[in-house]
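Below: the structure, in structure tokens.
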Amino acid sequence: MKRISYAAVAAFCTFATAAIAHEYKVSDVVVDHPMAFETAQTAQTAGGFMTITNTGNADDRLVAVEADFPRVEIHTTEMDGDVARMMQLEDGIVVPAGESVTLEPGGFHVMFMGLGGDPFEVDEKVPATLVFENAGRLDVTFNVEERKMGGHGGMDHSNH
Ligand SMILES: [Cu+2]
């Protein structure tokens, strides 16, 4: 149950930032508003979020994300009792035909790893390439946004 209520909070935050949405498209895949939250100075990882829509008639799959970091992984989040644990998705994320998949705090996310003392700062632009099994490669920019306080900031990735 906890996971569901958390997702509702995250969805609210997503709508609140919709005014600065940006969108990318390749073949039948549309990527809306790739973003990341600012991180602590000492953070080694940061999460990347977006909505991926497949307008085609065949399923597609986000198989990799490339960016200028020592490692970039695709993660899911599972609740282990009250503890949220992140796990790498070796096979990526399926985006079914005609559907959207949202990467958001508490769920699927891109994990930028090995920040090495260069934290994400508000208004920073993080270039990345999304690799889809069918649609191919898509260059996008993750906008770094303010981490809202009071429980609206999403998952803390700093100890990942
Ligand atoms: Cu993660």
Side-chain angles (χ1 to χ4, degrees), residues 1-17 22 24 29 31-54 60-96 99-133 137-160:
M1 259 351 220
K2 244 187 174 116
R3 177 179 184 159
I4 291 166
S5 60
Y6 192 88
V9 169
F12 174 82
C13 291
T14 303
F15 289 126
T17 56
H22 56 302
Y24 302 88
V29 167
V31 171
D32 187 41
H33 195 49
M35 62 80 63
F37 288 109
E38 61 182 319
T39 68
Q41 287 293 321
T42 56
Q44 285 301 313
T45 63
F49 310 104
M50 64 193 138
T51 297
I52 304 169
T53 300
N54 180 354
D60 207 338
R61 184 190 297 265
L62 176 66
V63 291
V65 178
E66 298 170 3
D68 190 19
F69 299 95
R71 202 169 168 78
V72 184
E73 296 182 353
I74 298 168
H75 283 186
T76 188
T77 310
E78 302 271 328
M79 291 308 295
D80 181 4
D82 283 346
V83 181
R85 296 193 333 160
M86 297 189 285
M87 277 173 291
Q88 185 178 6
L89 294 171
E90 303 275 0
D91 297 328
I93 298 170
V94 173
V95 187
E99 293 187 24
S100 292
V101 173
T102 298
L103 284 69
E104 60 189 354
F108 295 133
H109 56 276
V110 176
M111 189 106 272
F112 302 105
M113 308 176 80
L115 304 193
D118 184 13
F120 281 15
E121 291 168 15
V122 174
D123 292 336
E124 193 176 333
K125 310 291 185 198
V126 179
T129 301
L130 310 181
V131 183
F132 293 94
E133 194 170 60
R137 300 169 64 84
L138 177 61
D139 292 335
V140 304
T141 300
F142 285 81
N143 289 351
V144 179
E145 297 179 5
E146 185 182 358
R147 185 182 289 274
K148 302 283 191 293
M149 293 301 140
H152 274 66
M155 164 173 287
D156 180 6
H157 283 89
S158 56
N159 293 319
H160 184 46

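The model shown is predicted, which means the values in this text are computed figures rather than measured ones. Read the numbers this way: they start at 1 and go in the same order the structure lists the ligands and their atoms.
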Angle at the Cu ion (ligand 1) (to 10°), with one arm to NE2 of His109 and the other to SD of Met86: 80°

Write the atom name of the N, O or S atom in His75 that is nearest the Cu ion (ligand 1). ND1

Of the non-hydrogen atoms in Glu146 and Phe37, which two are nearest, and what is the gap between them? O-CD2, 3.6 Å

Under 4.5 Å between any side-chain heavy atoms of Pro96 and Val101, yes or no? yes

Against Met50, only a single residue in Asp32, Thr102, Val110 fulfils side chain to side chain contact (heavy atoms under 4.5 Å, CB included); can you say which? Val110

Does Thr77 bring an N, O or S atom to under 2.8 Å of the Cu ion (ligand 1)? no

Would you say that Val126 contacts Phe69 through its side chain, given a criterion of any heavy-atom pair below 4.5 Å between the two side chains? yes

With respect to the Cu ion (ligand 1), please indicate if Met111 possesses an N, O or S atom at a distance under 2.8 Å. yes

